[in-house]
Amino acid sequence: MTDGDFFQRAYNIVRQVPKGRVATYGQVARMMGEPRKARYVGFAMHSSPGMKGGVPCHRIVFADGSLAPGFAFGGADEQQRMLEAEGVGFLPNGKVDLRQYLWEA
DNA sequence: CATATGACCTTCC
DNA sequence: AGGAAGGCCATAT
């Protein structure tokens, strides 16, 4: 196996994220035991097969609760709408309420 | 083939 | 308390 397994591991964690809940890149990276690789978790999402592959990248948000503008499915607006459709609540500042919807392993 | 950048987070000053 | 820099692996040019 190659180090690329890191991607597979990232997908594995993201895939474990329950519906109506969101996880942060750093948290996922930390789960894999590589808190410094938070950046590549995002890369993994970019190369992710999509939710069709079981990788709900839209449930992955920043550590502060903001989404990924310009790189998401069709815009942070679409992503935000999807999360709301899953039951995730958003704060008036346009961020996810990690206080309540942050996925806890 | 080598160089540069990237959906980020953590830590130090 | 706020600001700045670093770090890591992979992908793309």
Side-chain angles (χ1 to χ4, degrees):
Chain A
M1 309 323 190
T2 57
D3 298 44
D5 218 33
F6 165 75
F7 273 67
Q8 282 263 329
R9 215 159 297 167
Y11 300 142
N12 196 13
I13 303 288
V14 176
R15 206 181 299 184
Q16 285 166 21
V17 178
K19 177 183 161 198
R21 209 125 278 188
V22 293
T24 69
Y25 296 96
Q27 181 139 22
V28 174
R30 250 192 207 175
M31 281 175 170
M32 349 170 100
E34 306 288 346
R36 277 125 228 205
K37 282 198 206 185
R39 262 179 138 184
Y40 322 105
V41 178
F43 255 160
M45 301 292 111
H46 200 129
S47 198
S48 77
M51 25 190 194
K52 208 165 89 191
V55 187
C57 340
H58 65 267
R59 287 184 195 156
I60 306 301
V61 302
F62 284 88
D64 36 288
S66 32
L67 310 175
F71 288 96
F73 307 78
D77 292 325
E78 279 288 323
Q79 186 174 359
Q80 182 163 350
R81 189 186 288 209
M82 281 174 73
L83 288 170
E84 279 197 329
E86 301 233 329
V88 178
F90 274 77
L91 289 174
N93 37 312
K95 290 182 186 174
V96 185
D97 191 350
L98 301 176
R99 293 294 193 196
Q100 293 186 75
Y101 296 103
L102 177 58
W103 172 49
E104 313 174 51

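Note on naming: letters A, B, ... go to the chains in the order of the sequence lines (proteins, then strands), and numbering restarts at 1 for each one. Heavy-atom basis, side chains included; hydrogens, waters and symmetry copies ignored. These numbers come from a predicted model, not from an experiment.
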Count I, L, V, M, F, W, Y as connected when their side-chain heavy atoms are under 4.5 Å apart, and connections chain through other members. Are Tyr25(A) and Phe6(A) then in the same cluster?
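Both belong to a single hydrophobic cluster.
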
Go through [options] for me and flag the one nearest to the [X] side chain.
{"X": "Arg39(A)", "options": "dG7(C), dA7(B), dT10(B)", "result": "dG7(C)"}
{"X": "Phe62(A)", "options": "dT10(B), dA7(B), dG6(B)", "result": "dA7(B)"}
{"X": "Tyr25(A)", "options": "dG6(B), dA10(C), dC9(B)", "result": "dC9(B)"}
{"X": "Phe43(A)", "options": "dA7(B), dG6(B), dT10(B)", "result": "dG6(B)"}
{"X": "Cys57(A)", "options": "dC9(C), dC8(B), dA7(B)", "result": "dA7(B)"}
{"X": "Ala38(A)", "options": "dA7(B), dC9(C), dC9(B)", "result": "dC9(B)"}

Measure from [atom1] on [X] to [atom2] on [N] and round the result to the nearest Å.
{"X": "Phe6(A)", "N": "dG7(C)", "atom1": "CZ", "atom2": "P", "value": "18 Å"}
{"X": "Ile13(A)", "N": "dC8(B)", "atom1": "CD1", "atom2": "C1'", "value": "17 Å"}
{"X": "Ile60(A)", "N": "dG6(B)", "atom1": "CD1", "atom2": "C1'", "value": "17 Å"}
{"X": "Glu34(A)", "N": "dA10(C)", "atom1": "CD", "atom2": "P", "value": "11 Å"}
{"X": "Met45(A)", "N": "dC9(B)", "atom1": "CE", "atom2": "P", "value": "13 Å"}
{"X": "Leu67(A)", "N": "dA7(B)", "atom1": "CG", "atom2": "C1'", "value": "10 Å"}
{"X": "Gln80(A)", "N": "dA7(B)", "atom1": "CD", "atom2": "C1'", "value": "16 Å"}
{"X": "Phe71(A)", "N": "dT11(C)", "atom1": "CZ", "atom2": "P", "value": "17 Å"}

Mind checking whether Leu98(A) and Val61(A) have side chains closer than 4.5 Å, heavy atoms only?
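Yes - at least one pair of side-chain heavy atoms lies under 4.5 Å apart.
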
Hey, does Phe90(A) have a side-chain heavy atom less than 4.5 Å from the side chain of Leu67(A)?
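Touching, per the 4.5 Å side-chain cut-off.
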
Base, sugar-phosphate, or nothing for Ala72(A), non-hydrogen atoms under 4.0 angstrom?
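Result for Ala72(A) = base.
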
Quick one: label Gly26(A) by what it contacts on the DNA or RNA (base, sugar-phosphate, nothing), any heavy atom closer than 4.0 Å.
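Gly26(A): backbone/sugar contact only, no base atoms under 4.0 Å.
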
Please report the distance separating the C1' of dG3(C) from the corresponding atom of dA7(B), rounded so that it comes out in whole Å.
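About 23 Å, rounded to a whole number of Å.
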
Does Gly54(A) offer a backbone N or O that forms a donor-acceptor pair with the side chain of Tyr11(A) under 3.5 Å?
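No, Tyr11(A) side chain to Gly54(A) backbone: no donor-acceptor pair under 3.5 Å.
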
Do the side-chain N or O atoms of Arg36(A) get closer than 4.0 angstrom to the phosphate oxygens (OP1, OP2) of dC8(B)?
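No, Arg36(A) has no side-chain N/O under 4.0 Å of OP1/OP2 on dC8(B).
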
I'd like to know if Arg59(A) and Glu86(A) make a salt bridge, using a cut-off of under 4.0 Å between side-chain N and carboxylate O.
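Glu86(A) and Arg59(A): salt-bridged.
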
